[in-house]
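To find a chain, count down the sequence lines: A is the first, B the second, and so on, and within it residues start at 1.
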Number of protein chains: 2
Amino acid sequence: MFHALADSTRRDIIGRVLRAEQSVSELARRYEMSFAAVQKHVAVLERAALVRKQRRGREQIVHGNADTLRKAARLLDRYEQLWRHRAQAISDILSEDSGKSEKRTDK
Amino acid sequence: MFHALADSTRRDIIGRVLRAEQSVSELARRYEMSFAAVQKHVAVLERAALVRKQRRGREQIVHGNADTLRKAARLLDRYEQLWRHRAQAISDILSEDSGKSEKRTDK
DNA sequence: CTGATCTACAACCACATGGTTGTACGTTAG
DNA sequence: CTAACGTACAACCATGTGGTTGTAGATCAG
């Protein structure tokens, strides 16, 4: 999934379909590259469950999948929280170290 | 930056140094691959500002950079929010469409 | 000083990736 | 029906990527 997000064209596509769902060919028109290239990008995003497709006549409408985005954001949040926890522990140790007389925050 | 996060080894490294900062060679010992490979991964993470290095004697201590992680999480949050806004607009339109008599939420 | 350790980096290789063009097939318009 | 459109997919190519080994510079231990 992070791999799918790693390409700027794909992130741009996500942004577009989040603002307004569009068919694959509508999307393709926005970029310099060929239709096939865009179609591939959409396929990658679809495999990563970042977007879904829905047939409408001969068109394939692309729209975003919020759940997956939320999942990604949560994971990064967890990383960040982990870091904050760690940073707290460090500063606890430091203050304990420099001011021996102070009370420990303990656990 | 998403590119840096796209590799599972690198995500694992982030997890480790977030839990406890370590030297490059300490990190390298945890993985099957060569030291040079791990060193490259760390370099990628450093270029993406996801970790920082700090010399200590002949060792290079790796530790995480919370700001960048927060930045990434925020971006995904924005995406998700965009989507929620969009979803709300859709459901507004649908309810307006199916129940003509209902009041518009308007704007 | 000498040897071991930690790091950095270059050179190389196999393979994945992002792009292309071409073909095929279902659907809509006239 | 026929032509145009929207899509999917295969084949191909250039480049990037993750891995390797080898070399070299710093720093520490004795």
Given [options], which nucleotide is nearest the side-chain atoms of [X]?
X	options	value
B:Ala36	D:dT20, C:dG18, C:dT21	D:dT20
A:Val24	C:dG18, D:dA8, C:dA8	D:dA8
B:Gln60	D:dA8, C:dA8, C:dT17	C:dA8
B:Arg29	C:dG18, D:dG18, C:dC6	C:dC6

Between [N] atom [atom2] and [X] atom [atom1], what is the distance in whole Å?
X	N	atom1	atom2	value
B:Glu46	C:dT7	CD	C1'	12 Å
B:Tyr31	D:dG18	OH	C1'	15 Å
B:Glu32	D:dG18	CD	P	18 Å
A:Phe35	C:dA24	CZ	C1'	13 Å
A:Phe2	C:dT17	CZ	C1'	20 Å
B:Met33	C:dA14	CE	P	19 Å
A:Gln22	D:dT7	CD	P	11 Å
A:Glu59	C:dA29	CD	P	10 Å

Practice prompt. Determine whether more than 12 heavy atoms belonging to other residues, nucleotides or ligands lie under 6.0 Å from atom NZ of A:Lys53.
Written response: yes

With a cut-off of less than 4.0 Å, is there a side-chain N or O of [X] near OP1 or OP2 of [N]?
X	N	result
B:Lys53	C:dA8	yes
A:Ser25	D:dT7	yes
B:Ser34	D:dT20	yes
B:His41	D:dT17	no
B:Gln39	C:dT7	no

Worksheet item: Taking the side chain from A:Arg11 and the backbone from A:Leu5, do they hold a donor-acceptor pair closer than 3.5 Å?
Response: yes

Practice prompt. Measure the spacing between CD of B:Glu32 and OG1 of B:Thr9 and express it to the nearest 0.5 Å.
Written response: 11.0 Å

Fill in: B:Ile14 CD1 to B:Leu50 CG distance, which is reported to the nearest 0.5 Å
4.5 Å

Would you mind reporting whether [Y] and [X] have side-chain heavy atoms less than 4.5 Å apart?
X	Y	value
A:His41	A:Met33	yes
B:Val44	B:Asp7	no
B:Arg70	B:Arg74	yes

Discussion item. Please evaluate residues B:Lys71 and B:Met1 with respect to the criterion side chain to side chain contact (heavy atoms under 4.5 Å, CB included), reporting the C-alpha separation (whole Å), side-chain torsions for both, the decisive distance (0.1 Å), and the verdict.
Written reply: CA-CA 10 Å; B:Lys71 215 178 99 191; B:Met1 196 211 56; 5.6 Å; no

Fill in: Position toward the 5' end of DNA chain C (nearest nucleotide), B:Glu26 or B:Lys40
B:Glu26

Response to the item:
Quick tally for nucleotides 23-30 of chain D: nucleotides whose base has a protein heavy atom under 4.0 Å get B, sugar-phosphate-only ones S, the rest -, giving ----BB--

